[in-house]
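Protein chains get the first letters and strands the later ones, always in sequence-line order, with residue 1 at the start of each. Note that the structure is predicted; figures quoted are calculated from it, not measured.
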Amino acid sequence: MHEKEVIELIRARDESGVTALLTHFGPLMRYVIAPILPDAADREECLSECCMKVWDGIGGFDPERGGWTAWLTAIARNTALNRARRERRGHASLDELDENTPSAALTPEEALLLNEQRLALRRAIEELSAPERNLFYRKYYYLQSSAQIAAELGSTVRGVEGRLHRLRKKLRSRLGGERYE
Amino acid sequence: MSDDARLDALIESALPPEPPDDVPSRVTPWRRAMCQILWGIGLRAVTFSFFALDYILPGLGFLLMLCGSRTLRRVNACFRALHLVTALECALFVSALAAQCAALSPDWVSSAVGYAMLPMQLLVTLLLWGGIRGVQASAGLEPHAPAAIWLLVWYLLLTAAGLAGGQLGWIGAILFLGAFALIIRSLYKLYSALDEAGYAVEAAPGRISNLALAIGVTALTAALMLCGWLFLSRYPMDWQSAEENGESAVRTELAELGFPEDVLADLTDEDAARCAGALAVYCHSELNPVNEGREEITRRADGVRVQSTVYDVKELRSTAVAVELPEGRWVVFHHFRWVEPVSFYGSEAIKIWSQVMDSDGWARVGEPGGRVLCDRDGGTLSADFRFLGELSYSYESMFFGRQEGSNLFAAFSAPLRAEGLRGYVCYEALSLEDGWIFDSWMDYTHQLTPFQLPARTALDKATQGSWNRDGAFLTVQTAFHFDPGSDAPGEIEY
């Protein structure tokens, strides 16, 4: 089934659209979720949550702004990340927060500097070669382990880590700030 | 916070909400591996017979298939079998390539490997079909990969067209090209067969990277090829110290009749004894270049530019001697001597062809004789030819189509840096009728380089009508002809 048909079914609020979504795009969503959520039961719950989000948020999908796969992987990744964070917060709440923990709020100057650095980093990412950019997204967007990347790219863990090290060095030098030199 | 942690935090906060459109299609567990397998299948089907592409492209194809199937080997039983079959094919291909570099390996080795690989090619397609369907089924999708079956059909058609191409002529060529185009189309369709289900694939880790694997296999192949060229393309020769010459009376008699002394010194006693009772000696000697020379353009007096080949070095001295004996018997010697230092790779061959073997006026009688000699550490070594005798053969002539012949051939290998390499072939002839001109030709085929694919011996080339520069070989010719009725004995000048 073509993605357009799945989108049309979901837009028409036809519940078979969710089944089609799971059948045709379930493997993709599972692939995105797996590196973020190690627990199999968590992954299945997350997948259901993703389907709900697609069902609820289909109105926000605009093919003019980006592709269906990119949108779907963004939903799967964000849902899995939120779930992982909730999980972590759940564990953290059991511990007492230290009264001396400093506030994380930034001063206006720090916020401005951070914003500039973000823009510079985005430009640096755009300037990467296609293989470097794909490696970057695998590691930092899809949060894949070096072992998974190595297996999928026909490399070794050491080889992938070497490439990532060179990539970070390149990004640091392109950011140019003293802190990253 | 450390610099690394700061950079990580910055990266996390700078990531876009959605990845760029081209990224999700490239971040997959199977696409790279499938791409390698399909490119591999495509490349191994290519048969361009120039610049060694008929070896390089399939070799590259096998490597790609090996790398791709390695990544998918834990997906299901079909992909596991695909990897094993591909590894076996790769090993067979490397063996076949090594065998093709060994000029002395029997032809059936390469043929047997080629025939063994034919069903494997079809098996690979079947396993790919099963593997894709297995992935689709395990992902809950309806198994569907008709392009793989079509690929199998086109392969069968391609094989049939290839086997029958010679008989079918242009229809075979059209079938061949058509089948190849359809293979490319099927491969293109197969590329998207795992678009949805492929994400369920779990790539298998490897101890070494694909690059290291490819370099390792290539290095092993190169080493085996080198072994074939250097060690399995030379005839084993039984070099022994040459004995002192006997038959001094016959030798003296021949020398007095004008038999060239350097040739006489190389004859075995047995061959010298064939000439007992000699009446006359006819001979002809010439120096031939066994190199391609250099092109030189000169201007004639009338202003016309003339391009010619200039040989600065002439390495091979050829001497032909015919000894007339009583009762119309003759003994003919074709002697060669390398007078400049050259390297001897693989093998050398001599072809003797003459009216004596192909006319009513002459007949060749008895067994041919001869030997090769070279100098080492102040002494002289000699050996019998590895092959000496008559061979019937057929070959395709550019001008006269299919030709058949039966001539005298000799083949040998020389030490790589042999000094003063020389030798001769002799045969006996009988004059059946007066009035016939005598002629006898020697084609000497020298191997210029050890690197040739497929590797052939000089004898193979000599029996294929090889002429001048042909692959790794260069053939030079010496003609010897005279009229026994009118030409005076002694040196024959042309």
Side-chain angles (χ1 to χ4, degrees), chain A residues 1 3 22-32 34 65-75 77-78 114 117-122 124-126 130-131 133-134 136-142 144 147-160 168 171-172 175 179-181, chain B residues 1-4 6-33 36 64 66-68 70-74 135-136 138-142 194-214:
Chain A
M1 185 181 276
E3 64 183 48
L22 265 176
T23 306
H24 295 280
F25 298 98
L28 165 67
M29 290 191 283
R30 280 195 184 92
Y31 173 70
V32 175
R65 279 174 47 204
W68 164 252
T69 319
W71 187 75
L72 213 54
T73 58
I75 287 186
R77 172 196 181 261
N78 295 341
L114 184 64
Q117 283 175 339
R118 279 179 189 151
L119 288 173
L121 182 62
R122 280 179 193 162
I125 294 166
E126 278 169 22
R133 210 154 58 100
N134 292 335
F136 174 87
Y137 274 96
R138 275 182 182 272
K139 186 72 184 175
Y140 296 106
Y141 190 87
Y142 293 104
Q144 293 180 349
Q148 183 183 354
I149 298 171
E152 290 177 11
L153 297 185
S155 184
T156 56
V157 173
R158 207 172 153 189
V160 167
R168 288 171 69 93
L171 289 176
R172 273 198 183 101
L175 281 174
R179 285 170 135 187
Y180 302 103
E181 282 292 341
Chain B
M1 191 186 274
S2 72
D3 270 1
D4 271 345
R6 206 174 289 128
L7 183 63
D8 282 342
L10 182 64
I11 288 172
E12 197 180 333
S13 67
L15 284 171
E18 282 177 27
D21 273 352
D22 61 319
V23 170
S25 64
R26 288 178 180 160
V27 179
T28 71
W30 90 97
R31 202 177 287 276
R32 187 186 176 93
Q36 286 169 335
L64 283 171
L66 188 65
C67 292
R70 183 171 168 250
T71 304
L72 302 179
R73 70 186 185 276
R74 290 195 189 158
V135 172
Q136 289 167 331
S138 64
L141 289 162
E142 188 192 341
L194 283 179
D195 263 357
E196 294 170 351
Y199 288 101
V201 161
E202 195 175 329
R207 284 185 190 163
I208 56 167
S209 67
N210 282 346
L211 182 65
L213 178 71

Could you check if a side-chain atom of B/T71 sits within less than 4.5 angstrom of a side-chain atom of A/L153, using non-hydrogen atoms only?
-> no
Identify which part of B/P17 has an atom lying under 4.5 Å from any heavy atom of chain A, answering side chain, backbone, both or neither.
-> backbone
Could you have a look at B/P29, B/G140, B/A212 and say which one has the most heavy-atom pairs with chain A under 4.5 angstrom?
-> B/P29
Greatest number of non-hydrogen atom pairs under 4.5 angstrom with chain B, of A/R118, A/E126, A/M29, falls to A/R118
Relative to chain A, which segment of B/L72 carries a heavy atom at a distance below 4.5 Å: side chain, backbone, both, or neither?
-> neither
Let me know if B/A204 has heavy atoms under 4.5 Å from chain A in its side chain, its backbone, both or neither.
-> backbone
From B/Y199 atom OH to A/T73 atom OG1, the distance as rounded to the nearest 0.5 Å | 8.0 Å
Closest heavy-atom pair and its distance - A/P27, B/A200 = CB-N, 4.0 Å
Pairwise side-chain contact, B/P20 with A/R133, heavy-atom cut-off 4.5 Å (strictly under) = yes
Specify which of B/L213, B/D22, B/V201, B/D195 makes the most heavy-atom pairs with chain A at under 4.5 Å.
-> B/D22
Heavy-atom pairs under 4.5 Å with chain A, option from B/A33, B/G198, B/A139, B/S13 with the top count | B/S13
Part of B/R31 within contact of chain A (heavy atom distance under 4.5 Å) | neither
When rounded to the nearest 0.5 angstrom, what is the spacing between CD in B/E18 and CD1 in A/I75?
-> 8.0 Å
Do A/R138 side-chain atoms and B/T28 backbone N/O form a donor-acceptor pair below 3.5 Å?
-> yes
Can you measure from CG (B/L10) to CG (A/L114) and round to the nearest 0.5 angstrom?
-> 6.5 Å
For side-chain contact (heavy atoms from CB on, under 4.5 Å), just list the numbers for A/L175 and B/L7, CA-CA rounded to whole Å, side-chain angles, deciding distance to a tenth of an Å, and then say yes or no.
-> CA-CA 10 Å; A/L175 281 174; B/L7 183 63; 3.8 Å; yes
Between A/T23 and chain B, which part of the residue has a heavy atom less than 4.5 Å away: side chain, backbone, both or neither?
-> both
Honestly, the part of B/S25 sitting under 4.5 Å from a heavy atom of chain A is neither
Under a 4.5 Å heavy-atom cut-off, does chain A meet the side chain of B/R32, its backbone, both or neither?
-> side chain
With sequence neighbours left out, write down each residue that passes side-chain contact (heavy atoms from CB on, under 4.5 Å) with B/P16, or none if nothing qualifies.
-> A/Y137
Kindly write out the residues that satisfy side-chain contact (heavy atoms from CB on, under 4.5 Å) with A/R158, not counting sequence neighbours, or none if the list is empty.
-> A/T156
Measuring heavy-atom distances to chain A, does B/E202 have an atom under 4.5 Å in its side chain, in its backbone, in both, or in neither?
-> neither
Calculate, to the nearest 0.5 Å, the distance between atoms CG and CG belonging to B/L15 and A/L121 respectively.
-> 8.0 Å
Crowded around A/R122 CZ? As in, over 12 foreign heavy atoms under 6.0 Å?
-> yes
So, B/D8 and A/K139, do they make that salt bridge, N to O below 4.0 Å?
-> no
Heavy atoms only, distances under 4.5 angstrom: which of A/Y141, A/Y140, A/Y142, A/W71 has the most pairs with chain B? Name it, please.
-> A/Y141
Highest number of heavy-atom pairs under 4.5 Å with chain B: which of A/A74, A/G26, A/A70?
-> A/A70
